[in-house]
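Working notes, structure below.
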Amino acid sequence: MTYQLECSIKDNKIRLREMEDFNLLQTIECGQCFRWNREVNGSYTIQAFTKAINVSQENNEIVITNSSLSEFEEIWIKYFDIQRDYGEIKKILAENDPIMGKAISFGEGIRLLNQDEWETLVSFLISQNSNIPRIKGTIKSLCENFGDSFTALGNQMFFTFPTPLEIASCDDSQMDVCKLGYRKSYISETAKAIANDHGKRLYNLKNENYEAALKYLIELPGVGPKVANCTMLFSMEKYESFPIDVWVKRVMGRLYGLDEKDLKGIEQFAAEKFGKYGGFAQQYLFYYIRENKLI
DNA sequence: TTCCAGGTAGCCG
DNA sequence: CGGCTACATGGA
């Protein structure tokens, strides 16, 4: 897991050579994040926190455009989970598990991103009973209507993800343009709850244990076990999270022979089999079955 | 047209 | 508890 870092100040680029276990396409398109654009040259323009960057990959070399060295160290190392040894995780998961072995070799370059807690929570609130292309559109609309604009990467205009206060302080009818459907009240009510203590508790969940974080999250309106586990996995480093959605039910039924309707059974099986690596396992399996449409 | 999509809340037995 | 079902909306 060694890599070489090279920073070019004059064109504001960061270059990482000899990156292992990193595939940009898989990491961005595996369904954990939604504010990205695939450019015609194959690079990705990605928005996270209040920044916009462009990232490209050629073999084991990653180039990040529009990042200083300090910003890379403060934000992007953590965001892309660059310092974690995925080779070790994959080895442990694939041991004595040929099914997982297949899933891992299909998505061998997936990394779990460390995203903003609030954005992740709202994104997965929106995700319920929807699909990835539509989730992306809804989130984009939310940003354009309630976020703040800025320019980056030449003269391109971007919008930040609206803060809890920005959503809490608009009235419900204003949000109709975003076509949130029945999720609208979930978003506005949750925004009010979070804004009420200025996000203090939400942004502290990272430091609390899994059970405490889960308990707090599922008490928010519209947040159940699936949304809570996605939020914890993609923004709070709770890697024992094992979000169970329709695709994971399918994979556990088709590939592991479990009863798809028995949520508790799947949960228990995953906890015993994958333990503290549950989140990694889930993401390999999710990507594997969704991309191969093994229905 | 009908069905489904990274679910959850409310209700009923 | 466990098992339904409504919920907005758009795309196949």
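Chain identifiers are assigned alphabetically (A, B, ...) following the order of the sequence lines, protein sequences preceding nucleic acid strands; residue numbering begins at 1 within each chain.
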### Query
Is the phosphate of B/dC4, meaning OP1 or OP2, less than 4.0 Å from a side-chain N or O of A/R250?
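False: A/R250 side-chain N/O out of range (4.0 Å or more) of B/dC4 OP1/OP2.
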Interatomic distance at [atom1], [N] relative to [M], whole Å:
{"N": "C/dA8", "M": "B/dC11", "atom1": "P", "answer": "15 Å"}
{"N": "C/dT5", "M": "B/dG6", "atom1": "P", "answer": "23 Å"}
{"N": "C/dA6", "M": "B/dC3", "atom1": "P", "answer": "13 Å"}

What is the separation between atom [atom1] on [X] and atom [atom2] on [N], rounded to the nearest whole Å?
{"X": "A/N131", "N": "B/dG7", "atom1": "CG", "atom2": "C1'", "result": "14 Å"}
{"X": "A/L180", "N": "C/dG10", "atom1": "CG", "atom2": "P", "result": "11 Å"}
{"X": "A/I289", "N": "B/dG6", "atom1": "CD1", "atom2": "P", "result": "12 Å"}
{"X": "A/R183", "N": "C/dT9", "atom1": "CZ", "atom2": "C1'", "result": "7 Å"}
{"X": "A/I135", "N": "B/dG7", "atom1": "CD1", "atom2": "C1'", "result": "11 Å"}
{"X": "A/N129", "N": "C/dG11", "atom1": "CG", "atom2": "P", "result": "16 Å"}
{"X": "A/K179", "N": "C/dG11", "atom1": "NZ", "atom2": "C1'", "result": "15 Å"}
{"X": "A/L121", "N": "B/dG7", "atom1": "CG", "atom2": "P", "result": "15 Å"}

### Task
Taking only Lys NZ, Arg NE, NH1 and NH2, and the carboxylate oxygens of Asp or Glu, determine whether A/E260 and A/K249 approach each other closer than 4.0 Å.
no
### Message
Taking any heavy-atom pair under 4.0 Å as a contact, classify A/C178: base, sugar-phosphate, or nothing.
### Response
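The residue A/C178 makes no contact with any strand.
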### Message
Counting the atoms with a prime plus P, OP1 and OP2 as sugar-phosphate, which does A/Y287 contact under 4.0 Å by heavy atoms, base, sugar-phosphate, or nothing?
### Response
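Counting heavy atoms under 4.0 Å across all strands, no contact is made by A/Y287.
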### Query
Is the aromatic ring of A/F286 within stacking range of B/dG6, meaning centres under 5.5 angstrom and planes under 30 degrees?
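Yes; by the centre-distance and plane-angle rule, A/F286 counts as stacking on B/dG6.
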### Message
Check this for me: A/K140, atom NZ, are more than 12 non-hydrogen atoms of other residues, nucleotides or ligands nearer than 6.0 Å?
### Response
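It does not: A/K140 NZ has 12 such atoms or fewer within range.
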### Query
Does atom NZ of A/K91 have more than 12 heavy-atom neighbours from other groups under 6.0 Å away?
no
### Query
So do the side chains of A/Y284 and A/L93 get within less than 4.5 Å of each other, counting heavy atoms only?
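The answer is yes; the side chains approach within 4.5 Å.
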### Query
Looking at the rings of A/F22 and A/Y86, which for Trp means the six-membered one, are their centres under 6.0 Å apart?
no
### Query
What's the spacing between A/R183 CZ and A/I126 CD1 if we round to 0.5 Å?
8.5 Å
Can you check nucleotides 8-13 of chain B for protein contacts, nitrogen or oxygen pairs under 3.5 Å, and list what you find?
from: B/dT8; atom 1: OP1; to: A/G224; atom 2: N; distance (Å): 2.8
from: B/dT8; atom 1: OP1; to: A/G224; atom 2: O; distance (Å): 3.1
from: B/dT8; atom 1: OP1; to: A/K226; atom 2: N; distance (Å): 3.3
from: B/dT8; atom 1: OP1; to: A/V227; atom 2: N; distance (Å): 3.0
from: B/dT8; atom 1: OP2; to: A/K226; atom 2: N; distance (Å): 3.4
from: B/dT8; atom 1: O4'; to: A/Q128; atom 2: NE2; distance (Å): 3.4
from: B/dA9; atom 1: OP1; to: A/G222; atom 2: N; distance (Å): 3.1

### Message
Against A/Q4, only a single residue in A/R17, A/E61, A/E18 fulfils side-chain hydrogen bond (donor to acceptor under 3.5 Å, both in side chains); can you say which?
### Response
A/E18
